[in-house]
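Keep in mind that what you see is a predicted model, and the values were worked out from it rather than measured. We name chains A, B, ... by the order of the sequence lines, and we start the count at 1 in each one.
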Number of protein chains: 2
Amino acid sequence: MGTTQLESVPEPKYWHLKTVLSEALDSEFAVGEILPNERDLAARFGVARATLRQALEQLELEGRLQRRRGVGTTVAPPRMGVAVGTEQHIWPGAAGDDWQPADSTLEVPPASVAGVLDTGADETVHLVRRSRVSHGQPVAAELLYVPASSVRDLSAIDAPAGAARARAVLRELQRLELEGRESAVELGSARADDAKQLDRLPGAPVLVVTTRYVAQGRTAALSVATYRADTCRLTFGDSGGVEIHEGPARQAS
Amino acid sequence: MGTTQLESVPEPKYWHLKTVLSEALDSEFAVGEILPNERDLAARFGVARATLRQALEQLELEGRLQRRRGVGTTVAPPRMGVAVGTEQHIWPGAAGDDWQPADSTLEVPPASVAGVLDTGADETVHLVRRSRVSHGQPVAAELLYVPASSVRDLSAIDAPAGAARARAVLRELQRLELEGRESAVELGSARADDAKQLDRLPGAPVLVVTTRYVAQGRTAALSVATYRADTCRLTFGDSGGVEIHEGPARQAS
DNA sequence: TAGTGGTCTAGACCACACG
DNA sequence: GTGTGGTCTAGACCACTAA
């Protein structure tokens, strides 16, 4: 009878740690404040650094913390709402969107993209690269695939590459009548190039938004946009202009 | 001059491992197939088990693998598309949705929810719990907050709790004219109860979809739905009935 | 009971930022 | 340099599943 049943369902240490830290963040820390370093925190809680890190990872995944190598761990501001589906039936590049065209080249798209575009396997398409900045922070990187058939001939255009050419492709796209649009959101991890644009390490969690633009009964363009999952809350508004609160709901019981 | 510059930018081992494994999954494994166990894999690649696990974690995050304690690691099928915003202006519980009402109780909502609902801090609301099954697998758990003011008095209803009461609340909701709807998607980690419903471990990555239903100029209901991030791709369709492909785009260069 | 993935430890070294 | 987070190791034990 010497055994005292302390925990019939023992909670993992990192899980308990996460809870404790989460409450501390709510009550004892301000946004932007720097936490003690990982070695000190681990010692303070009497756990190995790896265990402490497991808790920090979860909190970072939930957007509560921000960790930067060589700097430290800071308390993250609430996620920013980023409109993804508000503007009904708008082409990418339409006036007022906050995307910044970076470049455009001709590429053979990956097979999965070619399948959606109904282009041949080796057919080149315009690949427009854009980035999105919100509140002074990079939040997304986009690859926009535009089949040559969706735009007028651009081979003789004066801008061979760069932002000017990207704008030219987008401008041509506006000439088509947009009939519809479908998006899908899924979890992914940042490729090395995206990570660099987003100021994160490769493998950082991202929300991948794939949007198919439909015109003339076919897929006129395909956008693959990679959003920082730690800082962004993607908003899809269907309502008739009702205001969106900032930071509506933290997940709670 | 004895130093040979093998890698100017050395790639982390787990990152390289992930790439190798990912290619092996594409070419040498079928969906559902069981991989060698972690100790064997680690030995085969000459790394510590923790490093191997870091690679597996990423692949699981991307929906390529499924790991189950006591069973093993299997190759996951492509993510299933789950419609989240297709049906325009539909109340939850309307005919044809594939949600299954589980329960309904009266609760004091968390402050963040109360704020969106414009209810008093201590005011109780109906809390309808529902779960969503797709392709025979649980994919989402929902908490639907319905202020008493959105439905007729249910205090005298014959069903004190359970699915019957949940259906009664949803039925009452249909009586209002739905004016609009806004959704937001963000990354989260599963709470213990959600994890159980979704057949995952606590902390598993989830996509949290928060939807505000607007009627009579106010927020008539608020839904917080938790989707399995590993198995689901959330689709938001704006197009006029254009078919959605299954498995459109894997992220690629 | 045997085998799996999940948790945890106590170290070590590396890449990066900043003064 | 100094200090930070990021990577990696070689173990150990636990919780769960299935034979």
Under-4.0 Å side-chain N/O to phosphate OP1/OP2 contact, [X] with [N]:
| X | N | value |
| --- | --- | --- |
| B/T51 | D/dT7 | no |
| B/R67 | C/dG6 | yes |
| B/T73 | C/dT4 | no |

Exercise. Should the pair B/R130-B/D98 be classified as a salt bridge under the 4.0 Å nitrogen-to-oxygen rule?
Worked result: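 Salt bridge flag = no for B/D98 with B/R130.
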Exercise. Should B/R68 and B/D199 count as an ion pair when the cut-off is N to O under 4.0 Å?
Worked result: no
Rounded to whole angstroms, how far apart are [atom1] on [X] and [atom2] on [N]?
| X | N | atom1 | atom2 | value |
| --- | --- | --- | --- | --- |
| A/L52 | C/dC8 | CG | P | 12 Å |
| A/L41 | D/dG5 | CG | C1' | 12 Å |
| A/K196 | C/dA15 | NZ | C1' | 14 Å |
| A/H16 | C/dT7 | NE2 | P | 16 Å |
| A/Q54 | D/dT7 | CD | P | 15 Å |
| A/E38 | C/dA12 | CD | C1' | 15 Å |
| A/D230 | D/dG5 | CG | C1' | 15 Å |
| B/I34 | C/dG5 | CD1 | C1' | 13 Å |

Could you work out which one of [options] sits closest to the side chain of [X]?
| X | options | value |
| --- | --- | --- |
| A/R39 | D/dG6, C/dT9, D/dT17 | D/dG6 |
| B/A50 | C/dT7, D/dT9, C/dT9 | D/dT9 |
| A/R49 | D/dT9, C/dG5, D/dG5 | D/dG5 |
| A/N37 | D/dG5, C/dA17, D/dC8 | D/dG5 |
| B/V47 | D/dG5, D/dT9, C/dG5 | D/dT9 |

Problem set entry | Along DNA chain C (nearest heavy atom to each residue), the more 5'-positioned of A/G46 and B/R200 |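 On the 5' side of the pair lies B/R200.
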Problem set entry | Reference residue A/E60; test salt bridge (Lys or Arg N to Asp or Glu O under 4.0 Å); the match among A/R200, A/R53, A/R228 |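 That would be A/R200; it is the only one of A/R200, A/R53, A/R228 passing the salt bridge (Lys or Arg N to Asp or Glu O under 4.0 Å) with A/E60.
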For this session: With pairs defined as Watson-Crick or G-U wobble and both distances under 3.5 angstrom, please note down DNA chain C as a dot-bracket string, | for pairing with another strand.
Result: ||||||||||||||||||.
Problem set entry | Least distance between heavy atoms, B/D230 atom then B/R79 atom | O-NE, 3.1 Å
For this session: Looking only at non-hydrogen atoms, find the nearest pair between A/P205 and A/L187 and report the distance.
Result: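 Closest approach of A/P205 to A/L187: CB-CD1, 4.4 Å.
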Exercise. Which part of the nucleic acid does B/R68 contact within heavy-atom distance under 4.0 Å: base, sugar-phosphate only, or nothing?
Worked result: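 Sugar-phosphate only.
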Exercise. With a 4.0 Å cut-off on heavy atoms, is A/L201 in touch with a base, just the backbone sugar-phosphate, or nothing at all?
Worked result: sugar-phosphate
Problem set entry | Any donor-acceptor N or O pair under 3.5 Å, side chains A/R129, A/T105 |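 Yes, because at least one side-chain N or O of A/R129 sits under 3.5 Å from a partner of the opposite role on A/T105.
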Exercise. Do B/E62 side-chain atoms and B/L59 backbone N/O form a donor-acceptor pair below 3.5 Å?
Worked result: no
For this session: Using heavy atoms to find the nearest nucleotide of DNA chain D for B/Y14 and B/V71 separately, return the residue whose nucleotide is more 5′.
Result: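 Nearest-nucleotide comparison on DNA chain D picks B/Y14.
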Exercise. Under 4.5 Å between any side-chain heavy atoms of A/V128 and A/D103, yes or no?
Worked result: no
Exercise. Is any N or O donor-acceptor pair between the side chain of B/R69 and the base of C/dG3 shorter than 3.5 Å?
Worked result: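 In this structure, the two groups form no donor-acceptor pair.
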